2 protein chains.
Amino acid sequence: MKYQKIPEATIRRLSRYSRCLEEMDEKGEKVVSSAQLANKCIVNPAQVRKDLAYFGEFGIRGVGYYVKDLLNNIKKILGSDKEWRMALVGVGNLGSSLLAYKDFLKQNYTIVAAFDIDPPKVIGRVSEKLGKPVEVFHINRIKDVVKERKIEIGLITTPPSEAQGVADLLVEAEVRGILNFAPAQITVPEGFVVKDVFFTTILDNLAYLLSN
Amino acid sequence: MKYQKIPEATIRRLSRYSRCLEEMDEKGEKVVSSAQLANKCIVNPAQVRKDLAYFGEFGIRGVGYYVKDLLNNIKKILGSDKEWRMALVGVGNLGSSLLAYKDFLKQNYTIVAAFDIDPPKVIGRVSEKLGKPVEVFHINRIKDVVKERKIEIGLITTPPSEAQGVADLLVEAEVRGILNFAPAQITVPEGFVVKDVFFTTILDNLAYLLSN
DNA sequence: TCAATTTTGTGACTCCTTTCACAAATTTTG
DNA sequence: CAAAATTTGTGAAAGGAGTCACAAAATTGA
């Protein structure tokens, strides 16, 4: 298949397929058809095949897909086969919550440093399972620490008013990926990526659907 | 304008407009054009007008939109002008984090009860700002408490394996809206709504964009 | 071995969303 | 007061994304 721009929705679904395939693999299932996977992920079977077709031919006609093989391929496509080292900026309420919440760093996403304007801040309770607590640095050390610890993703958990400033610092430190929890529009230069996680937006969405 | 199905993306943008308009209102700005609002929200001006046109005519030609008026209208459309009472199910790591994180319950979204299989669980530190701690009930009391406290939205923060079971309980208790943080596909009957918040999916997304 | 069956990969079609472009309505300016 | 300027609301065009339907490839069974 010739090159095409890949829809964002496709990438989101790949992540979903990945989760389902992991479950199947754990159950010991060896082979899966697009129909079975689609059924589990609640999408159209042709959608599954088309999504995969953007990246190559992973199936065998008349058979289906080998679960392990497909899973590995999807992880390679997503880049979720490697370890991603993250920094959290803003150790307030939400920030310390996320530091304490181990499950969202599933497998390959690790917070290796945290920053704040007031660094001696106690970083929440340290979850028993979490192991070592995450070190909290003063925000002005961000550039060195990012370099030293090979950080590639930044989580912004400051108040909205500080979000753009923090984004600028992350850009300056060449942190190319930002996950923004602060409900504020932030902009970054070409080559950098921001993904927003606004609880309020999602709740507004829910509220709309419930009211209509 | 005659009736049309409203795109989900439109609803998401309305929430964004709402946030921007609130900022403008705070700054004392009285009137805004679709171009200014679009610029602030990083969308196309025609998009702004079309989004609003689904619901009525809110602007004045040659002038623009009255900030306060438009804001009120959008809030009414979204249903975010009323108070929404929520229950959180699963007072583990993430659950107690969210209980302690006041900011995400911005304004009109309030957690009024929490549930767990092990209710005497301590509910994290109670944020100083949060005021009263949220009461944690045994999961088997969900039906009464939902009724008693007029709960309309449920937050699922259990391990993924329990998510569908909890969803079933919420459905039985007639909680029509569910915000699902547990990375598992859950299904609910017609008339009920689920919105997923999967950190891993968003990180996978970021990972993909950074790898390509 | 060959027909029947299964299931992928994909071109074509449909449906939905976004953007463009302009008439209509209002304000501003001379 | 009329012409110029502004800005909305919307029909039409363009652009994407999702679904269908079927040829191609592989397997199974007689």
Side-chain angles (χ1 to χ4, degrees), chain A residues 1-17 20-21 24 29-74 77 205 208-209, chain B residues 1-17 20-21 24 29-71 73-74 77 201 205 208-209:
Chain A
M1 171 180 269
K2 65 176 183 296
Y3 177 78
Q4 274 185 268
K5 198 200 158 292
I6 286 129
E8 161 131 6
T10 290
I11 302 302
R12 267 200 302 275
R13 281 191 299 269
L14 285 182
S15 181
R16 215 193 296 185
Y17 304 154
C20 290
L21 288 166
M24 289 174 174
E29 290 168 40
K30 297 295 177 209
V31 178
V32 67
S33 70
S34 60
Q36 292 170 314
L37 186 55
N39 186 53
K40 183 142 188 175
C41 296
I42 316 173
V43 296
N44 181 298
Q47 182 84 79
V48 172
R49 298 198 295 273
K50 190 141 260 191
D51 283 338
L52 295 174
Y54 283 113
F55 303 97
E57 304 196 359
F58 304 110
I60 300 163
R61 296 177 187 212
V63 180
Y65 303 86
Y66 290 112
V67 173
K68 266 204 164 65
D69 180 53
L70 183 58
L71 181 58
N72 286 336
N73 274 301
I74 290 178
I77 293 163
N205 229 283
Y208 170 76
L209 292 167
Chain B
M1 171 179 268
K2 64 175 184 295
Y3 177 79
Q4 274 185 267
K5 202 201 156 291
I6 287 130
E8 161 130 7
T10 290
I11 302 302
R12 265 199 302 277
R13 281 190 298 268
L14 285 183
S15 180
R16 217 195 290 188
Y17 304 155
C20 290
L21 287 166
M24 289 174 175
E29 290 168 38
K30 298 295 178 208
V31 178
V32 67
S33 70
S34 59
Q36 292 171 313
L37 186 55
N39 185 53
K40 183 141 187 178
C41 295
I42 316 173
V43 295
N44 181 297
Q47 182 85 80
V48 172
R49 299 198 296 275
K50 190 137 261 195
D51 283 338
L52 296 174
Y54 283 113
F55 303 97
E57 304 197 358
F58 304 110
I60 300 163
R61 295 177 189 213
V63 180
Y65 302 87
Y66 290 113
V67 173
K68 267 205 163 65
D69 179 54
L70 184 58
L71 181 56
N73 274 302
I74 291 179
I77 292 163
T201 301
N205 229 283
Y208 169 77
L209 292 168

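Note that the coordinates shown come from a computational prediction; the quantities given were computed from them, not determined experimentally. Chain A is the first sequence line, chain B the second, and so forth, proteins listed ahead of strands; every chain is numbered from 1.
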* **B:Tyr208 vs A:Arg12 side-chain heavy atoms within contact, under 4.5 Å** => no
* Asked: Which part of the nucleic acid, if any, lies within contact of A:Ala35, taking any heavy atom under 4.0 Å across all strands shown: a base, the sugar-phosphate backbone alone, or nothing?
  -> nothing
* **Base C:dT10 to side chain A:Lys50, donor-acceptor N/O within 3.5 Å cut-off** => no
* Roughly, in whole Å, what's the span from CZ in B:Arg49 to C1' in C:dA25? -> 14 Å
* Structure fact -> side chain to side chain contact (heavy atoms under 4.5 Å, CB included) with B:Leu14: of B:Val48, B:Asn73, B:Ile74, only one passes, and it is B:Ile74
* Structure fact -> Per atom distances to the B:Ala46 side chain, the nearest of D:dT7, C:dT10, C:dC20 is C:dC20
* **Nearest-Å distance for atom pair CD/P, residues A:Gln47 and C:dC15** => 16 Å
* Protein-nucleotide distance (A:Leu37, atom CG; C:dT7, atom P), rounded to Å -> 14 Å
* Please determine which of A:Ile11, A:Thr10, A:Ile6 meets the side chain to side chain contact (heavy atoms under 4.5 Å, CB included) test together with A:Asp51. => A:Thr10
* To do: Give me the residues of residues 57-66 of chain A where at least one heavy atom lies under 4.0 Å from an atom of DNA chain D, by number, or none.
  => A:Ile60, A:Arg61, A:Val63
* Minimum side-chain heavy-atom gap A:Met24-A:Leu71 below 4.5 Å -> no
* To do: Give the rounded distance in Å between these two atoms: CD1 of A:Ile11 and P of D:dG16.
  => 16 Å
* Asked: Can you check the B:Glu8 CD to D:dG18 C1' distance for me, whole Å?
  -> 16 Å
* Is a donor-acceptor contact shorter than 3.5 angstrom present between the side chain of A:Lys5 and the base of D:dG15? -> no
* To do: Count the heavy atoms of every other residue, nucleotide or ligand shown that sit under 6.0 Å from OH of A:Tyr66, and state whether that count exceeds 12.
  => no
* A:Asn205 and B:Glu8, any side-chain heavy atoms less than 4.5 Å apart -> yes
* Is the backbone of B:Ala35 close enough, under 3.5 Å, to the side chain of B:Asn39 for a donor and an acceptor to pair up by distance? -> no
* Check the distance between D:dT19's P and A:Asn44's CG and give it to me in whole angstrom. => 5 Å
* Atom CG of B:Leu52 and atom P of D:dT7: how far apart are they, to the nearest Å? -> 16 Å
* Complementary nucleotide for C:dG30 - Watson-Crick or wobble, under 3.5 Å -> D:dC1
* Short side-chain N/O contact to C:dT8 OP1/OP2 from A:Ser34, under 4.0 Å -> yes
* Take atom OH of A:Tyr54 and atom P of C:dT8, then tell me their distance rounded to the nearest Å. => 18 Å
